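Right, one structure below, let's go through it.
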2 protein chains.
Amino acid sequence: MSRPETGGRRKPAKIADVARIAEVSVATVSRTLANPEVVAEETRKRVLAAVTATGYTPNLAGRALRARRSMLALVVVPDLANPFFPEVLRGVDETLSAAGYGIIIANLDNSAEKESRYVDLACAGQVDGVLLLCGHVIRGRVRDLRASGLPIVAACERIDGEDIPQVEVDNEDAAARAVAHLIDLGHRRIGYIAGPERNVLDRDRRKGFGRALRAARLDPRKAPAFAGDFTFRAGERAARDWLAMPDATRPSAIFAANDEMAIGFVKTARAAGARVPDDVSIVGFDGIEFADYCEPTLTTIYQPRRDIGATAAALLIAAMTSPKPPSPRFERIATRLMLRDSTAAAPKR
Amino acid sequence: MSRPETGGRRKPAKIADVARIAEVSVATVSRTLANPEVVAEETRKRVLAAVTATGYTPNLAGRALRARRSMLALVVVPDLANPFFPEVLRGVDETLSAAGYGIIIANLDNSAEKESRYVDLACAGQVDGVLLLCGHVIRGRVRDLRASGLPIVAACERIDGEDIPQVEVDNEDAAARAVAHLIDLGHRRIGYIAGPERNVLDRDRRKGFGRALRAARLDPRKAPAFAGDFTFRAGERAARDWLAMPDATRPSAIFAANDEMAIGFVKTARAAGARVPDDVSIVGFDGIEFADYCEPTLTTIYQPRRDIGATAAALLIAAMTSPKPPSPRFERIATRLMLRDSTAAAPKR
DNA sequence: ATGAAAGCGCTAACAT
DNA sequence: ATGTTAGCGCTTTCAT
């Protein structure tokens, strides 16, 4: 026996169907759904019964067209494959969908072509707001996102020189804490594995690195720096460079600008016979899941990615809901230094 | 000096604006964009010039309402944080966006509530098709996705008993090849770290495991099986069980139903002093990035995730474009056994 | 408290 | 080859 109430229906019910069954006008149906308190108790009951009976769900296109808002937000990610973002997106998703917003994910994937298409989409009024996790205001070939007047919020990577609400962790301070931890352990020669040049995260973390060194009366300019780009491979290269250094100058500790490079470093150094943390201590940044799975487990700065996403989403909702342009306020999210097995006291010389 | 052509415009241009400037009717504008070949060369030029001048982008809500299609596909993922999916999504995204479709990502995240909302969304006609990467047809509290008649395609995890197009790798065959590799290396006692019970991927991979054993005249029923659920922690547990086994029965090789469990196993076994691959060989399944980063690098079955996504998207496009329901055809994507450092000849007894 | 009706921006059938 | 026009489903005045 099949269930007749759910089976086989073809076309979705529309508001007129509900109105007919409830014996009211379409206006009343609309009101019942949007402002239940303004319709009479009795009427409301009939309408809601009809909604259930027909399985009515408002057509978003019709609503968007008329109400001039799509209840959709565009979330721009530089690269979905980066293990940092999924968890941020979860926070974003939870918060936005709880407020009734849908999400369109724009995965830039290093394509200017795609980027431009998303700008077009946004400027054409297809979304109610834009959340930038990509470190820059996306640029179109012809249209300009800022000129559209659309609410914009940035997170993860700070965008300098834009007066929009932003959410970020204090990268400089967190880096300084990580390096101070190494100094506390007795390390005096500490190396830095860098992120991409001119990247704002690299700049802030490098600053924190220098600050912690200076606080211990060490000279940042003498600290060995290894070029990098946030990839595992860059960590491997840094390790090879490190291995080639003479004992006298080789750092006993490394601060990597992110976890993937730290893990690449550890793997290559160990493969060449170096012991971690006995011969070299290392601390990463981000707190990706794998930092707790690798061997040895990685001391790192944990970023509460879900919180970052949720906070940014909340700011965006505020901007989309409020009639006037939001004050460009900054939200700072706290990080945690996770002490694990990749750091230990400096070897005695 | 500011750029007047892009700056400061507020309201997006609509089709009527373009028509006015090009001195044609709105119908001609619409046609020029949809079927350029049916309008006169001369007219087309004027229209396109006006489009550029105004920065016109069609309003999707208007189009969706009228044309009764949204050019949006719903892509359902069980868990975005799972490192397997981002690369699949890239393939999906490339193919769908090349065909002009947008994507809404439904991250189920184990919430029946969310699942139901996405069913509502789909059944209300807000999307033109649904791509299921989650191993089941999503279920709503009241509405039924199948009854909506919407095009549906499944990938990654096969959905049994549904006559919809599906894309998958031959899990059974791939698993059999992986295990045959271990047998070729001289292993006779081979263990299996399982996925979640009743999971279709686990069932298929377990079948392949058994098939390879039987082909070598070994008895699958005597092969040690370790319970698991695809998580890193499950691999750790399996390793502890393995370490506790007496030498006489302890397997010299392990086939794990996925990479994360394999990596968890390796880490824990090594931490307890076992050498990989000298004391135990292990092969994983999936070919996630980290399988090539861990120590030792992991022998595994590589699934071309991007291809899987692209193929599934192509099938969905076909289903959304064709007027009649698609024949429920199966696409099989080939896998590759990646030989790396976690497998070696069985130790002599 | 409820209803009638206009119209959001677009496409497609029909007319010229 | 091009124009006119009727809605797609919904919200929101404005009347009642």
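Order of the sequence lines fixes the chain letters, A, B, ..., with proteins taken first and strands second; residue numbering starts at 1 for each chain. These numbers come from a predicted model, not from an experiment.
- The separation between B/Arg20 atom CZ and D/dT2 atom C1' is 19 Å, rounded to whole Å.
- When all heavy atoms of A/Pro86 and A/Asn82 are compared, the closest pair comes out as CD-O, 3.3 Å.
- Distance CG (B/Asn59) to P (C/dG7): 18 Å, rounded to an integer number of Å.
- Of all non-hydrogen atoms in B/Val26 and B/Ala19, the two that sit nearest each other are N-CB, 3.8 Å.
- At whole-Å resolution of the value, NZ in B/Lys11 and C1' in C/dG9 are 14 Å apart.
- When the side-chain nitrogen and oxygen atoms of B/Ser30 are compared with OP1 and OP2 of C/dA12, none of them lie within a distance under 4.0 Å.
- Counting only heavy atoms from C-beta on, B/Tyr56 has its side chain closest to C/dC10 among C/dG3, D/dT11, C/dC10.
- A straight line from CZ of B/Arg69 to C1' of C/dT11 spans 11 Å, rounded to a whole angstrom.
- Across every non-hydrogen atom of B/Arg143 and B/Cys123, the tightest pair is CD-CB, 3.6 Å.
- Remark on DNA chain D: of its neighbouring residues B/Leu65 and B/Arg44, the 5'-side contact belongs to B/Arg44, judged by nearest-heavy-atom nucleotide.
- In the interface, the side chain of A/Arg66 is not paired with the base of C/dG9 through any donor and acceptor atom under 3.5 Å apart.
- Between B/Leu33 atom CG and C/dG9 atom P the separation is 16 Å, expressed in whole Å.
- Evaluation of atom-type donor-acceptor distances gives a pair under 3.5 Å for the side chain of B/Arg31 against the base of D/dG3.
- Of the listed nucleotides (C/dA12, C/dG9, D/dC10), C/dA12 has the atom at the smallest distance from the side chain of B/Ala27.
- Considering only side-chain N and O atoms, A/Arg68 lies under 4.0 angstrom from the phosphate OP1 or OP2 of C/dG9.
- The side chain of A/Val39 has C/dT2 as its nearest neighbour among C/dT2, C/dC10, D/dG3.
- Of all heavy-atom pairs spanning B/Tyr56 and B/Lys14, the tightest one is CE1-C, 3.6 Å.
- Nearest nucleotide to the side chain of B/Ile15, out of D/dT11, D/dT12, C/dC10: C/dC10.
- Among the heavy atoms of the strands lying under 4.0 Å from A/Thr28 are primed sugar atoms or P, OP1, OP2 only; no base atom is included.
- Proximity note for B/Ala40 (side chain, C-beta onward) versus D/dT2, D/dT12, D/dT5: the nearest is D/dT2.
- Whole-Å rounding puts the B/Arg63 CZ to D/dG7 C1' distance at 17 Å.
- Separating the CG atom of B/Asn35 from the C1' atom of D/dT2 is a distance of 14 Å, rounded to the nearest angstrom.
- The nearest whole Å value for the distance from the CE atom in A/Met71 to the P atom in D/dT11 is 11 Å.
- Residue pairs meeting the side chain to side chain donor-acceptor pair (under 3.5 Å) criterion with at least one member in residues 19-34 of chain B, sequence neighbours excluded, are B/Asp17-B/Arg20, B/Ser25-B/Thr28.
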